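The structure displayed is predicted, hence computed values, not measured ones. Lettering of chains follows the sequences in order, A, B, ..., and the numbering in each one begins at 1.
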Protein chains: 2
Amino acid sequence: MPLSKGPQVFPRTEYLRRLAAVKSELMRQNIETLVVSSLANIAYLTGSIVRHTGPQCLVISIHKEGPTFIVRRADFAAAIYQTYLERDNLIVSPENRVATPDIDGYDAVIDFLHEAGLANGVVGLELNQIPAETAEKFKRRLPQARIVDSKKAVNWVRLIKSNFEISVMKEAAAIADAAIMRAIEVMRPGARETDIVADIVATQVRGAKGHPGTGFPPTAPLFFCSSPRTGAAHIPWSEDTIRDGSQINLEVSGVRHGYVVPLMRTFSVGSPSDRLLRRHEAHLAGLEAALNTVRPGATCSDVAGAFYRTIEKLGLKKDTRCGYSVGIDWAEQTASLNDVDKTELKPNMTFHLMLGNWMEEDFGYVISETFRVIESGVEVLTNMPRKLFEV
Amino acid sequence: MPLSKGPQVFPRTEYLRRLAAVKSELMRQNIETLVVSSLANIAYLTGSIVRHTGPQCLVISIHKEGPTFIVRRADFAAAIYQTYLERDNLIVSPENRVATPDIDGYDAVIDFLHEAGLANGVVGLELNQIPAETAEKFKRRLPQARIVDSKKAVNWVRLIKSNFEISVMKEAAAIADAAIMRAIEVMRPGARETDIVADIVATQVRGAKGHPGTGFPPTAPLFFCSSPRTGAAHIPWSEDTIRDGSQINLEVSGVRHGYVVPLMRTFSVGSPSDRLLRRHEAHLAGLEAALNTVRPGATCSDVAGAFYRTIEKLGLKKDTRCGYSVGIDWAEQTASLNDVDKTELKPNMTFHLMLGNWMEEDFGYVISETFRVIESGVEVLTNMPRKLFEV
């Protein structure tokens, strides 16, 4: 029996708007056909939320109205159910091409380009993420095409959110708040880290305000860097038990329909050390200086500069970027909050202002906010107090 | 203060054995230097369990004793703490190379190859997963080197586990069992899918038999494909409520130290339909036929053939492979259980025998076991009854 479409997160017009914006960018770059291979970009353009295991590509041609989504048979039902695409936008790649050495799902994409008369023009690939051997296959099997890099065309279109996307991100923000609140409740001396994290991830899935966590696994990743590992940025929880005097750097996120709102807070078990307090106060001042700089027309480097200069005056330094554009599947890999990125802020851009600081190998500190640029300046999406939490 | 090493999952000798096996494979392939960029392969060779955000590479040279791990500063503490490597095996890549357009962490890897005198030989890259633009950078910046594909050298070494690894996978198997048991307890008509999944993921983190879930986020991915979405293989849970007459195809995993043991079972809410029962019985017969075929000397295609021929006699068909080698971070991307893979089974290979079947868009069915090849035949790592669970 044919499967019907499931409830759609966004109206069809929203996807058509995104498609038009991508086509416009392709025309600007003189790319005739774009092969979208990034999961997040496919999700953006179709509504597909599948952590698939074989190649899937969305093909967009400036010469054709709709896109074509080439999926594994095992993922066809998901494409019907989740996306706004109609059946004639979908092509099934044979399952016997999964995990075979010489022919795979990308061959089905190339076959389609030949059949659709798109094999002779300028074909854009996402060279920042498509595997090297796959790009070689496109070159080999499309000898008449000119293969070029898409220069993250879709990622850059994602930078400015619609109000629909902002609504979804606010739901995700509430989940991020709930996850931190749950951490505050359960983080106690004597508690096992894994029991604390179990409660946090359950909260991430149950969600907040009636909106559960949904999307590419909404529980991942979660960083729980406790003493003596607070100098590490990206490690999972350990099998340790929380001790008096410990510090925990926690990075969680809320996820709705694949849109991620990250949130970081630092916890002190018992009274914080002077060193930790000074680090917190400096970062808090820097955070507020950065947020006060956010407004349409300011640049990413203005915001980062406000943070860097504030903490430098207080004798501190951060050598990582202090944030990045955020949306589907976490970082969008476009604008960064650092000293050199001159991207101009515009309303409905969303950033994770991420003040994690790992300058010493035995000591780090984290605090962050996810914000939206609005006409009048800035709107922080989460509601968590900017405290160094004492538990 | 210098950070000390954390508790090591495997003895140093285990990592040295793995390194020697990889070097031997490199010599066989005439590769002098291997740049390992896959997270799972780095984990295998070092113990690093970091879902990092910037390029990290492990460089192995047949001319040098130890490997060199090039990491972001923000991940340096993790490398010290988690891996067996000493400080002189570690190089910090500058943080200002994160998310910059023209220079990134891979440049630090290339710089190291130049400094270490490795820029003139045969350099292997993991072309199946390194981004196309990065492979181009290696070619451009190493004009004297001959860049070749590593042909998944590390992945193939991972195929046969040590007894240390088998022990860890048994802990992961117990977690997979616990996750399914929890699902059985909480899956009820009227329950929200998200509440059920929240309980499952909490169980995945809490673990089983005193061993919590640890590793690359041990909760991800989790597939919960309920009516009407049982024809989809890789979708996350929905916001639906479980109903009488519904079917749920559940794929979970237990994860210990990054080693994944997947497990799939199908659930029927109320009495299963005849169609579902027939599907289950045929797959059960096929599953047992496949397991009975497993022994050292048999091939992947023998095992798959036993399954395919059994269900074909019962009027069914499966066009996906029916399993794959499994270990760190799920599928190892080497041997597949299908009709064409002639890989010979050897003791301590581990496979996910995965009988998910999605031939119709509105109806699918799943059952699986993760097994180990042993001298006398087969050992199934999990203990879950091979039932169609009625809840």
Side-chain angles (χ1 to χ4, degrees), chain A residues 1-3 49-53 73-78 80-82 95-96 98-99 125 127-133 135 149 194-195 197-199 201-202 205-207 212 214-215 217 219-222 228-229 231-237 239 319-321 324 331 333 336 356 358 361-362, chain B residues 1-3 49-53 73-78 80-82 95-96 98-99 125 127-133 135 149 194-195 197-199 201-202 205-207 212 214-215 217 219-222 228-229 231-237 239 319-321 324 331 333 336 356 358 361-362:
Chain A
M1 214 167 67
L3 184 63
I49 301 279
V50 166
R51 186 64 76 186
H52 62 76
T53 52
R73 176 196 271 272
D75 295 322
F76 179 74
I80 288 281
Y81 189 84
Q82 293 181 329
E95 279 292 331
N96 60 12
V98 173
L125 300 182
L127 296 182
N128 65 309
Q129 68 88 42
I130 206 166
E133 68 176 17
D149 183 24
T194 47
D195 286 331
V197 173
D199 282 334
V201 297
V205 176
R206 284 206 176 84
T214 54
T219 53
L222 182 152
R229 297 170 295 277
H234 303 113
I235 56 172
W237 52 95
E239 301 181 38
D319 63 356
T320 51
R321 59 178 173 170
Y324 45 78
Q333 300 173 38
S336 282
W358 308 275
E361 67 183 64
D362 68 331
Chain B
M1 215 167 65
L3 185 62
I49 301 279
V50 166
R51 187 64 74 186
H52 62 75
T53 51
R73 174 195 273 272
D75 296 321
F76 179 76
I80 290 281
Y81 190 84
Q82 294 182 328
E95 279 291 331
N96 61 11
V98 174
L125 299 183
L127 296 182
N128 66 307
Q129 68 89 42
I130 206 166
E133 70 176 17
D149 183 25
T194 47
D195 286 332
V197 172
D199 281 335
V201 298
V205 176
R206 285 205 175 87
T214 53
T219 53
L222 182 151
R229 297 170 294 276
H234 303 115
I235 56 173
W237 52 94
E239 300 181 41
D319 64 355
T320 50
R321 60 178 174 170
Y324 45 78
Q333 301 173 37
S336 281
W358 308 274
E361 67 184 62
D362 68 331

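Legend: residues meeting salt bridge (Lys or Arg N to Asp or Glu O under 4.0 Å) with A/Arg73, ordered by chain and number and at least two apart, are B/Asp319. Here A/Asp149 pairs with A/Leu127, A/Lys151, B/Glu133 under the side chain to side chain contact (heavy atoms under 4.5 Å, CB included) rule; sequence neighbours left out.
Comparing A/Ala135, A/Ala78, A/Ala331 by how many heavy-atom pairs each has under 4.5 Å with chain B, the most go to A/Ala78.
For the residue pair B/Val205 and A/Thr194, the shortest heavy atom distance occurs at CG1-O, 3.3 Å. Closest approach of B/Met1 to A/Glu361, counting heavy atoms only: O-CG, 3.7 Å. Here the closest heavy-atom approach between residue A/Pro236 and residue B/Gln82 is recorded as CD-NE2, 4.1 Å.
Atom CZ of B/Arg206 is separated from atom CG of A/Asp199 by 5.0 Å, given to the nearest 0.5 angstrom.
With a threshold of 4.5 angstrom between heavy atoms, A/Gln129 approaches chain B through N, CA, C or O but not through any side-chain atom.
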